[in-house]
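Numbers for residues simply follow the sequence, beginning at 1. Everything quoted here is computed from the prediction, not taken from an experiment.
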Amino acid sequence: MTDRFVKVAALDDIGPGKMQCVAVDGRRILLANVGGEILAADEFCTHEDASLCTGSLKGEYVKCPLHGSRFNLRTGAAMEEPAEEPLRTYPVRVEDGAILVNLVD
């Protein structure tokens, strides 16, 4: 297994407390700026495939707009029902103002 960091966005595009969704290599990834740290996870809720980008971000938690499930973006853990399955999270690096996400399978 090798690291495969891919540039997905510019750091300036995502202010503190904001989210952005990007498509890369056929994947939809949610990026969140949590206190200056960029976190990355799959965009869709594991309960019913609702886009978490239209949800709300509070600290490192994102709330699904459809049924209110909350996920920890640092760990991917589902914190509230109805979602039970965790989100996949991705390692992130910031280099020269660019956000890079490791898409290793």
Side-chain angles (χ1 to χ4, degrees):
M1 189 174 354
T2 60
D3 288 345
R4 189 165 66 96
F5 280 90
V6 177
K7 180 180 176 183
V8 296
L11 183 59
D12 289 344
D13 292 343
I14 309 171
K18 302 294 183 188
M19 299 184 293
Q20 178 179 331
C21 283
V22 296
V24 60
D25 286 358
R27 300 179 204 197
R28 298 282 307 168
I29 297 174
L30 166 72
L31 302 171
N33 185 330
V34 177
E37 178 184 7
I38 303 297
L39 302 176
D42 282 339
E43 172 188 354
F44 293 103
C45 178
T46 58
H47 173 241
E48 282 201 16
D49 289 336
S51 173
L52 296 173
C53 282
T54 59
S56 59
L57 181 67
K58 186 170 184 179
E60 63 190 41
Y61 299 95
V62 63
K63 185 173 184 177
C64 178
L66 193 57
H67 295 117
S69 293
R70 283 188 326 131
F71 296 91
N72 182 315
L73 291 175
R74 200 172 300 286
T75 66
M79 306 304 293
E80 289 183 26
E81 294 182 348
E84 296 176 354
E85 297 295 317
L87 291 174
R88 180 175 181 176
T89 60
Y90 300 89
V92 175
R93 287 195 317 223
V94 176
E95 295 178 356
D96 299 322
I99 299 168
L100 295 94
V101 174
N102 189 348
L103 297 179
V104 67
D105 289 323

Give the minimum heavy-atom separation between C53 and Q20, together with the two atoms involved.
-> SG-C, 4.0 Å

Residues in side chain to side chain contact (heavy atoms under 4.5 Å, CB included) with V24, at least two apart?
-> V6, V8, I29, L103

Using the side-chain hydrogen bond (donor to acceptor under 3.5 Å, both in side chains) rule, collect all pairs that involve residues 6-17, keeping only residues at least two apart or in two chains.
-> none

Rounded to the nearest 0.5 Å, the CD1 atom of I14 sits from the CD1 atom of I99 at a distance of 4.0 Å

Distance (rounded to the nearest 0.5 Å) between L66 CG and L52 CG | 10.0 Å

Just wondering, do L31 and V22 contact through their side chains at under 4.5 Å, heavy atoms?
-> yes

Can you name the nearest heavy-atom pair linking G15 to N33, along with the distance?
-> O-CB, 3.2 Å

On a heavy-atom basis, the closest approach of G59 and V34 is O-CG2, 3.4 Å

Does P91 have any side chain to side chain contact (heavy atoms under 4.5 Å, CB included) partners at least two apart in sequence or in another chain, and if so, which?
-> F5, N102

Let me check something: any side-chain donor-acceptor pairs from residues 71-82 under 3.5 Å, sequence neighbours excluded? List them with distances.
{"residue": "N72", "atom": "OD1", "partner": "R74", "partner atom": "N", "Å": "2.7"}
{"residue": "N72", "atom": "OD1", "partner": "T75", "partner atom": "N", "Å": "3.1"}
{"residue": "N72", "atom": "ND2", "partner": "E60", "partner atom": "OE2", "Å": "2.9"}
{"residue": "R74", "atom": "NE", "partner": "E60", "partner atom": "OE1", "Å": "2.8"}
{"residue": "R74", "atom": "NH1", "partner": "E37", "partner atom": "OE1", "Å": "2.7"}
{"residue": "R74", "atom": "NH1", "partner": "E37", "partner atom": "OE2", "Å": "3.1"}
{"residue": "R74", "atom": "NH2", "partner": "E37", "partner atom": "OE1", "Å": "3.4"}
{"residue": "R74", "atom": "NH2", "partner": "E60", "partner atom": "OE1", "Å": "3.1"}
{"residue": "T75", "atom": "OG1", "partner": "A77", "partner atom": "N", "Å": "3.2"}
{"residue": "E80", "atom": "OE2", "partner": "R70", "partner atom": "NE", "Å": "2.7"}

Are L11 and V92 connected, step by step, through hydrophobic side chains (Ile, Leu, Val, Met, Phe, Trp, Tyr) whose heavy atoms are closer than 4.5 Å?
-> yes

Enumerate donor-acceptor pairs with a distance under 3.5 Å from any side-chain N or O in residues 40-48 to protein atoms, sequence neighbours excluded.
{"residue": "D42", "atom": "OD1", "partner": "Y90", "partner atom": "OH", "Å": "2.6"}
{"residue": "E43", "atom": "OE1", "partner": "R28", "partner atom": "NE", "Å": "2.6"}
{"residue": "E43", "atom": "OE1", "partner": "R28", "partner atom": "NH2", "Å": "3.1"}
{"residue": "E43", "atom": "OE2", "partner": "S51", "partner atom": "OG", "Å": "2.5"}
{"residue": "T46", "atom": "OG1", "partner": "E85", "partner atom": "O", "Å": "2.6"}
{"residue": "H47", "atom": "ND1", "partner": "H67", "partner atom": "ND1", "Å": "3.3"}

Identify the two heavy atoms, one from T54 and one from P65, that lie closest to each other, and give their separation to 0.1 Å.
-> OG1-CG, 3.2 Å

Contacts of type side chain to side chain contact (heavy atoms under 4.5 Å, CB included), residue D96, not counting sequence neighbours | none

